[in-house]
Amino acid sequence: MPGLGNPIDQTPLVDPFGREVSYLRVSVTDRCDFRCVYCMSEHMTFLPKRDLLTLEELDRLCTAFVQRGVRKLRITGGEPLVRKNIMWLFRALSRHLDSGRLEELTLTTNASQLPRYAAELKACGVERINISLDTLQPDRFKAITRWGDFKTVIDGVEAAENAGIKLKFNAVALKGVNEDEFEEMIRFAHGRGADLTLIETMPLGDIDGDRTDQYLPLSIVRARLMDRFTLEDIDYRTGGPARYVRIKETGGRLGFITPMTHNFCESCNRVRLTCTGTLYMCLGREDAADLHAPLRASTDNEVLLEAIDAAIARKPKGHDFIIDRRMQKPAVARHMSVTGG
Ligand code: SAM
Ligand code: SF4
């Protein structure tokens with residue numbers, strides 16, 4: 001198993017706006033066992049398997065970022081747990097938790113594979129998991145995910161709880177689909193001691209429907225929730241873009257991720273790596289750096305680290321998402337399943 005390689009450069013990664021990049025999200029596959037309506041079209045064309053980085057290469061890349069000061073790694077996808085032999089990568093990366101270089105190894109999942117993997121993830125040092133769950137109604141769940149099975153997902157939630165993993169739920173707010181359920185979802189999450197974060201749909205990738213039909217500004221959701229609950233602003237941050245409130249009646253936290261109504265770029269500390277070795281410095285922009293070629297150019301990390309430095313020097317100040325009825329195209333052509341959530 002590769003170590004930290006030649007320890008030539010351990011200086012932190014700082015972008016031109018003085019933001020230290022300490023958080024790497026890694027999409028380990030673009031494939032998924034669901035076809036959520038806001039994320040994918042029903043008939044997706046996925047990357048040919050030969051274009052994927054191997055698990056060893058993903059480990060080498062993550063390790064290079066850890067060497068340069070990344071303290072938090074989130075494994076995502078597509079559905080990360082459908083990648084073959086994925087536990088090898090978690091086991092490999094857990095050595096950076098053991099060494100203390102990495103503070104957190106975590107993942108975002110649809111929970112369908114958690115009945116199988118929860119205990120092993122916990123053994124690899126995964127203490128917290130984000131679970132995407134947009135509804136608590138089995139029929140609706142089928143309509144949103146197209147291919148998902150609600151019961152399996154709830155079994156996955158329970159498997160993670162039984163393994164002692166702390167959960168956070170993420171729900172995409174969808175106009176006319178789940179907007180009548182947020183109160184119940186708050187009670188569901190908070191009743192299990194978990195936070196709930198609501199997310200606005202982002203214009204990423206072509207889907208079968210019209211995104212303007214799905215978009216529900218969270219400012220509206222928040223205003224409605226204030227009729228039901230007492231929302232107290234709190235300073236709590238998780239290193240992600242969510243802004244949190246505490247719900248006085250449940251004692252739990254509710255997060256809002258509002259890329260469309262609130263620009264969260266000024267405190268952005270993260271970059272995203274795809275399963276083909278492309279590094280996106282901003283979720284909302286097309287600019288990307290290829291790390292695949294520098295990775296394969298040599299077995300020591302010098303060329304790779306130079307490429308990473310050059311990429312971070314290009315990290316933009318912010319994104320400019322817009323959902324516009326007139327511009328029928330998504331703001332960014334790639335799907336969320338390519339860069340991960
Ligand atoms: N399959 C895993 C899951 O669903 O948790 C991980 C990948 S998924 C792309 C990560 C997150 O992105 C999910 O919470 C999903 O709801 C969210 N997502 C996908 N497409 C989105 C979009 N267009 N706008 C906002 N969130 C989106
Ligand atoms: Fe799959 Fe996650 Fe996209 Fe749903 S949101 S299709 S579970 S990658």
Side-chain angles (χ1 to χ4, degrees), residues 25-44 46-47 74-83 86 106-114 117 128-135 140-150 152-153 156-157 160 167-175 177-178 185 189 195-218 240-242 255-261 264 270 272-275 280 283-284 319 321-323 329-341:
R25 293 193 173 207
V26 186
S27 174
V28 294
T29 176
D30 63 333
R31 290 165 196 252
C32 187
D33 51 345
F34 292 4
R35 291 288 181 278
C36 301
V37 289
Y38 51 80
C39 180
M40 294 192 180
S41 64
E42 181 134 34
H43 305 284
M44 293 284 289
F46 293 109
L47 294 162
R74 177 176 298 278
I75 307 300
T76 177
E79 174 46 45
L81 298 182
V82 302
R83 171 121 189 207
I86 188 64
T106 184
L107 79 152
T108 303
T109 176
N110 64 24
S112 68
Q113 309 299 314
L114 285 179
Y117 289 133
R128 298 193 311 155
I129 291 184
N130 284 9
I131 292 181
S132 305
L133 184 61
D134 302 323
T135 175
R140 237 180 228 188
F141 186 82
K142 182 62 91 191
I144 295 173
T145 63
R146 291 192 185 108
W147 295 4
D149 175 54
F150 185 70
T152 310
V153 163
V157 168
L167 303 183
K168 190 181 96 149
F169 292 97
N170 287 337
V172 176
L174 298 163
K175 188 158 78 186
V177 178
N178 62 358
M185 289 172 76
D195 293 346
L196 171 70
T197 296
L198 300 177
I199 308 173
E200 282 174 353
T201 51
M202 293 175 239
L204 298 174
D206 270 320
I207 53 168
D208 294 330
D210 179 353
R211 276 186 203 284
T212 46
D213 293 341
Q214 299 178 344
Y215 176 57
L216 175 64
L218 288 184
F256 296 93
I257 298 186
T258 57
M260 311 304 295
T261 51
F264 50 53
R270 73 206 73 113
R272 293 174 158 85
L273 182 70
T274 73
C275 55
Y280 285 95
L283 178 64
H319 69 66
F321 281 141
I322 185 163
I323 290 182
K329 285 266 143 217
V332 172
R334 64 180 190 279
H335 289 88
M336 187 71 124
S337 50
V338 174
T339 21

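Count residues from 1 along the sequence. When a ligand or atom number is given, it counts from 1 through the structure's own listing order.
The residue among Gly77, Gly148, Gly78 with a heavy atom at the shortest distance from atom 1 (N) of ligand 1 is Gly78. Checking Arg25, Met40, Gln214, Glu200 against atom 25 (C) of ligand 1, the nearest heavy atom belongs to Glu200.
Inclusion of Glu79 in the set of residues having an N or O under 3.5 Å from an N or O of ligand 1 is warranted. Checked against a 3.5 angstrom limit, the closest N/O atoms of Thr109 and ligand 1 fall inside it. By the 3.5 Å distance cut-off applied to N or O atoms, Thr201 is not counted among the residues near ligand 1. Annotation: Pro80 places no N or O atom under 3.5 Å from an N or O atom of ligand 1; distance criterion only. In terms of polar-atom proximity, Ser132 is counted as a contact of ligand 1, with an N or O under 3.5 Å from an N or O of the ligand.
Short contacts between ligand 1 and Asn110, defined as distances under 4.0 Å to a heavy atom of the residue, involve ligand atoms 2 (C), 3 (C), 5 (O). Near Phe34, the atoms of ligand 2 lying under 4.0 angstrom from a non-hydrogen atom of the residue are 6 (S), 7 (S). Taking every heavy atom of Gly78 and a limit of under 4.0 angstrom, the matching atoms of ligand 2 come to 8 (S). Close contacts between ligand 1 and Thr76 involve ligand atoms 6 (C), 7 (C) [criterion: under 4.0 Å to a heavy atom]. Atoms of ligand 2 lying under 4.0 Å from any heavy atom of Asn110, numbered from 1 in the order shown and given with element: 7 (S). The Cys39 neighbourhood of ligand 1 comprises atoms 19 (C), 20 (N), with distances under 4.0 Å to a heavy atom of that residue.
In this structure, a donor-acceptor pair under 3.5 Å is absent between the side chains of Glu79 and Ser112. Remark: the Thr108 side chain and the Arg74 side chain contain an N/O donor-acceptor pair separated by less than 3.5 Å. For the residue pair Thr135/Asn178, the side-chain donor-acceptor check at 3.5 Å is not satisfied.
Under the 3.5 Å distance criterion, the side-chain polar atoms of Arg83 are left unmatched by any main-chain donor or acceptor of Gly77. A distance-only check finds no donor-acceptor pair linking the side chain of Arg25 to the backbone of Leu273 [under 3.5 Å]. Here the side chain of Asp134 pairs a donor or acceptor atom with the backbone of Val172 at under 3.5 angstrom.
Put simply, the residue from Ile131, Leu107, Thr152 that forms a side chain to side chain contact (heavy atoms under 4.5 Å, CB included) with Leu114 is Ile131.
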message: Does Arg272 form a side chain to side chain donor-acceptor pair (under 3.5 Å) with Ser27? I'd like the steps, not just the answer.
response: CA-CA 8 Å; Arg272 293 174 158 85; Ser27 174; over 6 Å; no

field: Trace of the side chain to side chain contact (heavy atoms under 4.5 Å, CB included) decision for Leu198 with Ile257
entry: CA-CA 6 Å; Leu198 300 177; Ile257 298 186; over 6 Å; no

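Partners of Phe34 according to the ring pair (Phe, Tyr, Trp, His ring centres under 6.0 Å) rule, which considers only residues two or more places apart in sequence or in another chain, are Phe141.
When non-hydrogen atoms are compared, ligand 2 lies under 4.0 Å from the backbone of Cys36 as well as from its side chain. Only the side chain of Val172 comes within 4.0 Å of ligand 1, counting heavy atoms alone; its backbone N, CA, C and O stay farther away.
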